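Before any comments, here is the structure.
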Amino acid sequence: MKMIVAVVKPSVTEAVMDALAGIGVSGLTVSEVRGHGRQKGQTEIYRGAEYNVTLVPKIRFEIAVDDGMATQVVDTITKAAKTGKIGDGKIFVMDLLSATRIRTGETDSEAVAG
Ligand SMILES: Nc1ncnc2c1ncn2[C@@H]1O[C@H](COP(=O)(O)OP(=O)(O)OP(=O)(O)O)[C@@H](O)[C@H]1O
Ligand SMILES: [Mg+2]
């Protein structure tokens, strides 16, 4: 299994959720976060000569999937979240050691599948 973490612009949140539902993702977690990339948050807000780092609001998706779906999820998020402008975000993929559906006690593939 993989844990996919995607940090995207808030404006694409619904598009990403719709696209993920469209490929059969059955569960996900969304959080409001703040961060910065290589522009240090500056040029996304205004073009000043400030040197300070600014934190920009972003949305963080966490999606646990079977290995076989990971590439499709990454491709789908990339397409749905791309505006072509700076700050479009990043997608990170991590190996996931275990998953448990608390209600049933099902684990791993059974726990992350629909
Ligand atoms: N190396 C990183 N580690 C963790 N989070 C990151 C990292 N880089 C970016 N992020 C997160 O992703 C958000 C968007 O990053 P962003 O798209 O601006 O990256 P970038 O490398 O500056 O690319 P771009 O030049 O397209 O803006 C950041 O606000 C931050 O929350
Ligand atoms: Mg950036």
Side-chain angles (χ1 to χ4, degrees):
M1 296 170 292
K2 305 289 186 203
M3 177 62 84
I4 298 167
V5 173
V7 182
V8 303
K9 293 191 184 216
S11 59
V12 304
T13 304
E14 293 221 347
V16 170
M17 285 184 52
D18 289 350
L20 290 173
I23 61 166
V25 165
S26 61
L28 52 79
T29 302
V30 174
S31 313
E32 294 179 2
V33 296
R34 297 191 304 154
H36 72 79
R38 59 187 172 175
Q39 295 85 10
K40 298 183 164 49
Q42 288 299 328
T43 55
E44 280 188 66
I45 293 172
Y46 69 99
R47 293 186 185 278
E50 293 282 336
Y51 193 74
N52 294 341
V53 171
T54 303
L55 294 173
V56 181
K58 299 287 172 185
I59 295 293
R60 171 186 161 113
F61 282 86
E62 294 166 73
I63 307 145
V65 294
D66 258 329
D67 286 337
M69 267 198 83
T71 302
Q72 193 185 7
V73 168
V74 171
D75 292 348
T76 298
I77 295 171
T78 303
K79 246 181 237 164
K82 180 168 179 171
T83 70
K85 303 199 173 110
I86 59 166
D88 269 355
K90 294 200 178 153
I91 306 171
F92 307 106
V93 180
M94 285 152 276
D95 284 326
L96 180 61
L97 297 183
S98 88
T100 301
R101 177 174 282 120
I102 293 173
R103 178 175 61 85
T104 60
E106 292 163 290
T107 59
D108 299 345
S109 287
E110 290 184 332
V112 296

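Since the structure is predicted, the reported quantities are computational estimates derived from the model, not experimental observations. Note that ligands are numbered from 1 as they come in the structure, with each ligand's atoms numbered from 1 the same way.
- With Gly89, Gly37, Pro57 as candidates, the residue nearest to atom 17 (O) of ligand 1 on a non-hydrogen basis is Gly89.
- In this structure, the side chains of Asp95 and Lys2 come closer than 4.5 Å at one or more pairs of heavy atoms.
- Below 4.0 Å from some heavy atom of Lys58 lie the following atoms of ligand 1, by number and element: 14 (C), 29 (O).
- At least one donor-acceptor pair under 3.5 Å links the side chain of Asp88 to the backbone N or O of Thr83.
- Asp67 meets the side-chain hydrogen bond (donor to acceptor under 3.5 Å, both in side chains) test with no other residue; sequence neighbours excluded.
- No side-chain heavy atom of Lys58 sits less than 4.5 Å from a side-chain heavy atom of Arg34.
- Any N or O atom pair closer than 3.5 Å counts here, and Ile86 shares no such pair with ligand 1.
- Of the N or O atoms in Arg34, none lie within a sub-3.5 Å distance of an N or O in ligand 1.
- Listed by atom number, the atoms of ligand 1 under 4.0 Å from Gly87 heavy atoms are 16 (P), 17 (O), 18 (O), 24 (P), 26 (O), 27 (O).
- Residue contacts with ligand 1 leave out Val56, since none of its heavy atoms falls under 4.0 Å from the ligand.
- In this structure, Phe61 shares a hydrophobic cluster with Ile4, Val8, Val12, Val16, Met17, Leu20, Ile23, Val25, Leu28, Val30, Ile59, Ile63, Val65, Met69, Val73, Val74, Ile77, Ile91, Val93, the cluster being traced through Ile, Leu, Val, Met, Phe, Trp and Tyr side chains under 4.5 angstrom apart.
- Taken together through direct or relayed side-chain contacts under 4.5 Å among Ile, Leu, Val, Met, Phe, Trp and Tyr, Phe92 and Val112 form part of one hydrophobic cluster.
- Using modelled atom types, no side-chain atom of Asp108 and backbone atom of Ser98 make a donor-acceptor pair closer than 3.5 Å.
- Considering backbone and side-chain atoms alike, Lys85 places every N or O at 3.5 Å or more from each N or O of ligand 1.
- When side chains are defined from C-beta on, Val5 counts as touching Arg60, because their heavy atoms get closer than 4.5 Å.
- Inclusion of His36 in the set of residues having an N or O under 3.5 Å from an N or O of ligand 1 is warranted.
- Considering Lys40, Arg60, Arg38 only, the shortest heavy-atom separation from atom 22 (O) of ligand 1 involves Arg38.
- At a heavy-atom cutoff of 4.0 Å, ligand 1 is contacted by the backbone of Asp88 but not by its side chain.
- Considering backbone and side-chain atoms alike, Gly35 places an N or O below 3.5 Å from some N or O of ligand 1.
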